[in-house]
Amino acid sequence: MTRRIVRTGLQLGILTFIVFFLIVFLDSNYRLLPQSIHNHLPLHHDGFLITDITVQTCSSLNPLSSCMLDQTKWHRIEKDLYLNSGWVSRAYVHIKRKREEELIDDDKVIVDVRVGKLDPAVAEKAQASEKWESRPAGLWIKRSAKRHASDSKRAVTSVDVLFGSDAAEPRTGWELCGPGSLLLDSGADNKDPKISIRRGVAARIEKPVPRIRKDGKFKIVQISDLHLSTGVGACRDPEPKGHNGGHCDADPRTLEFVERVLDDEKPDMVVLSGDQVNGETAPDAQSAIFKIAAILVERKIPYAAIFGNHDDEGSLSRSIQMSLYESLPYSLSEAGTTEVAGVGNYYVEVLAHGNNKHSALTLYFLDTHSYSPDEAHFKGYDWIKPNQIDWFKTAAQHLKEPHKHYTHIHLDMAFIHIPLPEYGLEDQETVGQWKEPITAPGFNTHFKDALVAEGIKVVSCGHDHVNDYCALSKNDSTREADLWMCYAGGSGFGGYGGWGVYHRRVRVFEVDSNQAKIKTWKRLEYGDTGKRLDELVIVDAGQVMSPPRPQD
């Protein structure tokens, strides 16, 4: 009896599978099912499908010229392909798009895109038998009217424009269409506009869970002041000046440095501590952000970003940029609550090794804003607001109870962009170089005191490119060490640097959760690039450590 039930169950299972397979196969080719069911089957798209792409150019000298096609048929991607630098010309990519249920028999779906002078059927052997349609600016599209084309993984479902010969695409399911850039009339500097397409449905991005390694360690590389441009950018103050025959493209040199450090250090996490974007040279901030993100995504390194004073001086606000960060793979970045000043006030919990759900390390991130809102009384830069400090205190107090369940000593660190006023106190012990006056806010909201009160052991910033020191704060009455305040040092050639033969650098933190120890050092772009510069234990057994005294 039992054997008969098992045999019957197997037969029913096989029959169900065959029927399901036949329905999916037949529906893909002949659209047999109602649309509500059809859209929920595998490979079917519930969003838009792209049926055509074109480039529309217009001239300010011609009153009859328009950069906007019929809006009932075409959707314009709101990026001028000249990035507003054309003397008299503008150009925009337009797409036709439909939902799958809106497609009619005459509609064709785009399944491939190329950019170049030659017809891909001529330029590529593999495409010799394919039919490609020409569009303006060297754009070529391949379309299909087959019934299953809209369900194919090849169907193009979204289009974007990025800029620069060094453009990168970090988004899952997206790809840059080559081999070249769109071909525009050269009326301005060539911004190298590139078409990027997504196939299929939008990928679901799940945030990574940072976790202490099996050996009990967790390594963070802090990268500050990348100052990336749209395009390769121009170097400022490169050192040494005659390197590479004096030729220096800012972003390629910056990113080559970052890649080398990442491959050498193999960090568990990266902190981007502000001024990733060099606002005035980044008319498309998205393209600048994507270059550093692509490097991290390729290496599968989780990362968290905050903003500096230059990030939103280009084309995108802090809020939009943070939305981009939040949408990218391996990003831990968050906008944070809108009830607190700024964008990017959040914390990241690093969990203990294995399946342990307890936090071993908490990393706090705060937005230090940009320029002083009261220049008449407090010149220079903005300050951390009281409601941000309240948010930080509340979060820290709330986390104390769950942190008690961790079997080792829990550690806490914080990252900001603009240094706190206390960085500039001259009676503090420092390790590293102090080459320029600190540009901290003129108004002190005493966030440093809140950090100490809540048990934060280390805070690290960027902003002042040629400062890379760590300063030790001590309690006024007991003179016991209570907080290390570190600089990352500037990493990008798009920002100023080179003062006194200063080479770009990044800071590394290595946390040993078994010993509740934090060690830090820096890595250089040029010179002794393999050295751990100014290596220093700053926390041990959960206590802030003073630097060792020089030997006599």
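Any value given below was found using the heavy atoms of this structure, including those in side chains, with hydrogens, waters and symmetry copies removed.
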- Between the NZ atom in Lys217 and the CG atom in Asp268, the distance rounded to the nearest 0.5 Å is 11.0 Å
- Query: Below 6.0 angstrom between ring centroids: does that apply to Phe307 and His417?
  - Reply: no
- Is the His465 to His227 ring centre distance short of 6.0 Å? yes
Is the shortest distance from a Lys or Arg side-chain nitrogen in [X] or [Y] to a carboxylate oxygen in the other one below 4.0 Å?
| X | Y | value |
| --- | --- | --- |
| Lys517 | Glu510 | no |
| Glu454 | Lys393 | no |
| Glu265 | Arg523 | yes |
| Glu124 | Arg114 | yes |
| Glu256 | Arg253 | no |
| Lys291 | Asp251 | yes |
| Asp464 | Lys435 | no |
| Glu239 | Arg504 | no |
| Asp534 | Arg507 | no |
| Glu169 | Lys194 | no |

- Task: Applying ring-ring contact (aromatic ring centres under 6.0 Å, His included) between Phe415 and each of Tyr364, Phe365, Tyr303, report the one that passes.
- Result: Phe365
- List for me each residue that meets side-chain contact (heavy atoms from CB on, under 4.5 Å) alongside Arg204, sequence neighbours excluded, and say none if there are none. Glu206
- Message: Check the SG atoms of Cys486 against those of Cys461: under 2.5 Å or not?
- Response: no
- Task: May I ask you to decide if Asp284's main-chain N or O and Thr230's side chain share a donor-acceptor pair within less than 3.5 Å?
- Result: yes
- Message: Do Asp160 and Arg171 have side chains that approach each other closer than 4.5 Å (heavy atoms only, starting at C-beta)?
- Response: yes
- Do Gln543 and Val539 have side chains that get closer than 4.5 Å, going by heavy atoms? no
- Message: Check the orientation of Tyr423 and Tyr469. Use parallel for under 30°, tilted for 30 to 60°, and perpendicular for over 60°.
- Response: tilted
- For the residue pair His310 and Tyr371, categorise the inter-ring angle as parallel (less than 30°), tilted (30 to 60°) or perpendicular (more than 60°). perpendicular
- What ring pair (Phe, Tyr, Trp, His ring centres under 6.0 Å) pairs are there with at least one residue in residues 246-283, not counting sequence neighbours? none
